[in-house]
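Shown next, in C-alpha cells, is the structure this report addresses.
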Amino acid sequence: MDEKLRIEELVLTAATSAVIGAIFLVWSNIVWDATKLLLGLSLTPIIYGVWFIGATVPAYIIRKPYVAVLGEFLAAILELFYGSQFASTVLLYGFMQGLMSEAVFFLTRYKKWDWLTMALAGAAPALWAAPADTILYGITNPLTPEQRIVFWSLYFVSGAIFAGILVKAILDYVAKKSSLLDAFAVGKSVKKY
C-alpha cells in the first residue's frame, strides 16, 4: 500500500472535515445543552461519540496513516472557526481524540477495517475525552460515584456506536450504492465483494 496521501485524499479529508466541523458546532452549541436538559447530566455522554467521527470518517474512506488525526484536528479547527462555545479547548480535544483513533488503526497496520476495529477506533477517543472533561471542566463533580461510572462508560459506548459502527455502515452503503467513493480505498474494498 502506498502510504503517501494523494491530492484527492487530502481534498477529501479537508472537505469532510469542513462538514464535520459544522456538525461539531451544532453538537457543541445546541445538542449538548439540549441533551443535558432532556436526559440529565449523567446520561449526556450518550451523544458524545459524534465528536469522534472527524477521525473515523476520513480514515475509513482513505485507510492510510495520519488521516484519523488530521481529520479530527481539522474538524476541530473548523469548529473553533465557526464559533464553538468551548473555544480553543476544541483544538486540544481534536488532536488528542484523533490520536486515540489513529492508534487503533496503527495497531492494525492500517489493514483491518472490520466492525471490531471500527468500534474500537470509535470508542478509543473516550480514553482522552472522559478524563479531560472531568479534569478540565469538573463535569462529574455533581455526580455520585455510581453515576460517574455510567457517565464515563457512555463515552465509550457512544463512540463505538456513532464513530465506529454507524460510520462503517453508512460509508459501506454509500460505497456499494454509488460511485462516489470508487477512487478511494473504501470504494475499492466494497466493490471487491
Side-chain angles (χ1 to χ4, degrees), residues 9 12-32 34-36 38-39 43-64 67-76 78-79 90 93-94 96-105 107-108 110-130 133 150-182 184-191 193:
E9 293 169 335
L12 177 97
T13 302
T16 57
S17 294
V19 172
I20 292 169
I23 293 168
F24 286 178
L25 179 71
V26 171
W27 232 246
S28 294
N29 291 1
I30 298 169
V31 176
W32 177 257
T35 304
K36 198 172 4 175
L38 293 171
L39 299 179
L43 295 179
T44 304
I46 198 65
I47 59 116
Y48 212 100
V50 170
W51 276 305
F52 304 157
I53 67 171
T56 56
V57 167
Y60 187 68
I61 294 170
I62 296 168
R63 303 180 180 195
K64 289 185 179 177
V67 174
V69 72
L70 177 63
E72 186 80 18
F73 189 61
L74 282 175
L78 290 160
E79 179 190 354
V90 298
Y93 276 73
M96 292 304 296
Q97 289 168 183
L99 204 55
M100 299 294 107
S101 289
E102 190 75 45
V104 173
F105 299 131
L107 290 173
T108 69
Y110 303 92
K111 292 185 189 320
K112 289 186 77 174
W113 299 94
D114 57 15
W115 294 101
L116 178 61
T117 302
M118 286 302 292
L120 290 172
L127 292 169
W128 159 262
D133 280 354
V150 170
F151 187 84
W152 290 323
S153 299
L154 287 176
Y155 281 82
F156 293 93
V157 171
S158 180
I161 292 169
F162 283 110
I165 294 166
L166 285 177
V167 163
K168 178 174 172 38
I170 291 167
L171 291 174
D172 283 351
Y173 180 82
V174 170
K176 280 179 191 168
K177 298 295 182 182
S178 76
S179 59
L180 254 161
L181 300 173
D182 284 358
F184 303 99
V186 69
K188 293 171 184 157
S189 170
V190 167
K191 297 279 163 81
Y193 304 105

Donor-acceptor pair, side chain of Ser178 and main chain of Ala175, under 3.5 angstrom: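 Not a single qualifying donor-acceptor pair exists.
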So does Ile46 get a backbone contact from the side chain of Ser158, meaning a donor-acceptor N/O pair under 3.5 Å?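 Yes: the side chain of Ser158 pairs with the backbone of Ile46.
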So [Y] and [X], do their side chains get closer than 4.5 Å, heavy atoms only?
X      : Y      : value
Val167 : Met118 : yes
Lys188 : Asp182 : no
Ile53  : Phe24  : yes
Tyr155 : Pro125 : no
Val150 : Leu43  : yes
Tyr93  : Trp128 : yes
Phe162 : Thr56  : no

Distance-only side-chain donor-acceptor flag, [X] / [Y], under 3.5 Å:
X      : Y      : result
Glu72  : Ser101 : no
Asp114 : Thr117 : yes
Glu102 : Tyr110 : yes

Taking all heavy atoms of [X] and all of [Y], pick out the closest pair and write down the distance.
X      : Y      : answer
Pro58  : Gly71  : CG-CA, 4.0 Å
Phe52  : Gly159 : CD1-CA, 3.7 Å
Ala185 : Ile62  : CB-O, 3.4 Å
Ala163 : Gly122 : CB-CA, 3.7 Å
Thr35  : Thr44  : CG2-CA, 4.0 Å
Ala76  : Val90  : CB-O, 3.2 Å

How long is the span from the [atom1] atom in [X] to the [atom2] atom in [Y], to the nearest 0.5 Å?
X      : Y      : atom1 : atom2 : answer
Leu154 : Ile161 : CG    : CD1   : 9.0 Å
Lys176 : Leu181 : NZ    : CG    : 13.0 Å
Leu120 : Lys112 : CG    : NZ    : 9.5 Å
Glu9   : Leu70  : CD    : CG    : 11.5 Å
Ser17  : Phe73  : OG    : CZ    : 11.0 Å
Thr16  : Leu171 : OG1   : CG    : 9.5 Å

Listed once per pair and sorted, the salt bridge (Lys or Arg N to Asp or Glu O under 4.0 Å) pairs that draw on residues 157-168, sequence neighbours left out: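 For residues 157-168: Lys168-Asp172.
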Applying side-chain contact (heavy atoms from CB on, under 4.5 Å), name anything that partners Leu107, two or more places apart in sequence or on another chain.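 side-chain contact (heavy atoms from CB on, under 4.5 Å) list for Leu107, sorted by chain: empty.
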Centroid separation under 6.0 Å, is that true for the rings of Trp113 and Phe105?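 They qualify: ring centres under 6.0 Å apart.
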Please check if the distance between the ring centroids of Trp32 and Tyr48 is under 6.0 Å.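 Between Trp32 and Tyr48, the centre distance is under 6.0 Å.
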